[in-house]
Amino acid sequence: LASCVSMAIDFLIAVPLIAVAPRPCHRTLAYLCEDTINVCTKCLEETKQGGALEHWNRTPAPEIATNYWKFESGRSNAADMIKAIRADRSHHLLVNHTLAGLTSAQRAKIRNAGILPDTKAQTKIPSQ
């Protein structure tokens with residue numbers, strides 16, 4: 001429950017900030033992604049033989065990760081999950097740095113083409 005509340009608070013803060021100051025917000029998100037990538041890489045280094053996290057190679061990936069990343073059931077481990085997280089964050093890193101580099105006119109052109117959502121219209125949490 002605390003995680004859901006935290007995500008809701010983050011969402012309520014992030015969406016208006018992105019609407020008001022998209023460039024610094026996207027740049028900050030990109031830097032956070034970069035940090036996550038570095039942490040994942042360090043974790044994966046520790047999964048190598050003799051590393052502190054070597055047991056992650058034998059620990060099954062959680063079902064939620066197996067479903068989300070469409071891992072083959074029963075054949076993925078925690079290290080595979082960390083690799084998938086790192087790849088996902090790498091994609092978000094590139095997207096956020098790209099969005100941070102766009103001018104207002106470029107953003108408007110992309111938004112009008114339907115590629116980017118209108119962040120000003122996303123100020124409330126959708127019902128589940």
Side-chain angles (χ1 to χ4, degrees):
L1 179 64
S3 178
C4 291
V5 171
S6 174
M7 288 186 340
I9 291 169
D10 289 348
F11 181 83
L12 292 172
I13 292 170
V15 170
L17 280 176
I18 289 174
V20 173
R23 294 180 82 180
C25 287
H26 284 295
R27 191 69 71 199
T28 300
L29 289 172
Y31 291 135
L32 291 172
C33 289
E34 192 173 313
D35 189 51
T36 303
I37 292 164
N38 290 335
V39 169
C40 288
T41 299
K42 289 176 184 175
C43 287
L44 289 170
E45 287 294 318
E46 290 296 320
T47 65
K48 293 182 179 174
Q49 189 168 4
L53 302 175
E54 183 181 4
H55 64 280
W56 283 10
N57 294 308
R58 298 180 302 277
T59 304
E63 183 180 349
I64 192 168
T66 300
N67 294 337
Y68 183 80
W69 282 293
K70 297 178 178 39
F71 291 150
E72 192 175 332
S73 185
R75 306 219 7 136
S76 59
N77 57 43
D80 294 329
M81 179 183 67
I82 297 300
K83 290 174 191 172
I85 292 170
R86 183 174 64 175
D88 184 61
R89 292 292 96 195
S90 295
H91 172 74
H92 286 276
L93 168 81
L94 294 173
V95 168
N96 280 295
H97 272 309
T98 300
L99 292 174
L102 296 177
T103 65
S104 295
Q106 290 169 321
R107 292 180 68 77
K109 186 175 182 179
I110 292 171
R111 188 175 298 112
N112 291 337
I115 298 169
L116 282 180
D118 183 358
T119 54
K120 292 177 185 171
Q122 298 179 359
T123 55
K124 68 175 193 173
I125 299 173
S127 58
Q128 298 217 9

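These figures come from a predicted structure and were not determined experimentally. One-based numbering along the sequence shown.
With sequence neighbours left out, E72 forms a salt bridge (Lys or Arg N to Asp or Glu O under 4.0 Å) with R75.
To the nearest 0.5 Å, atoms CG (L102) and CZ (R107) are separated by 6.0 Å. To the nearest 0.5 Å, atom OG1 of residue T103 and atom NZ of residue K109 are 10.0 Å apart. Taking SG from C25 and CG from L99, the interatomic distance works out to 11.5 Å, rounded to the nearest 0.5 Å. Separating the CG atom in L93 from the OG1 atom in T36 is a distance of 10.0 Å, to the nearest 0.5 Å. If you take CG on L17 and NE2 on H26, they are separated by 11.5 Å, rounding to the nearest 0.5 Å.
For the ring-ring contact (aromatic ring centres under 6.0 Å, His included) condition, the pairs that include at least one residue of residues 27-50, sequence neighbours left out, are Y31-H97.
L32 is not connected to I37 by any chain of hydrophobic side-chain contacts under 4.5 Å among Ile, Leu, Val, Met, Phe, Trp and Tyr, and they are in different clusters.
When every heavy atom of A100 is checked against every heavy atom of R23, the shortest pair comes out as O-NE, 2.8 Å. Of all non-hydrogen atoms in S73 and T66, the two that sit nearest each other are CA-CG2, 4.1 Å.
Here M81 is tied into one hydrophobic group with L44, L53, W56, Y68, W69, F71, I82, I85, each link being a pair of ILVMFWY side chains closer than 4.5 Å.
The side-chain hydrogen bond (donor to acceptor under 3.5 Å, both in side chains) with T41 is formed by just one residue from the set E46, R86, K83; it is R86.
Looking at D80, its side chain does come within 3.5 Å of a backbone N or O of N77 through a donor-acceptor pair. The backbone N or O of A30 lies less than 3.5 Å from no partner atom in the side chain of E34, so there is not a single donor-acceptor pair. Formation of a donor-acceptor pair under 3.5 Å by the D88 side chain with backbone atoms of A84 is not found in this model. Of the possible donor and acceptor atoms, one in the side chain of N57 sits under 3.5 Å from a partner among the backbone N and O of E54.
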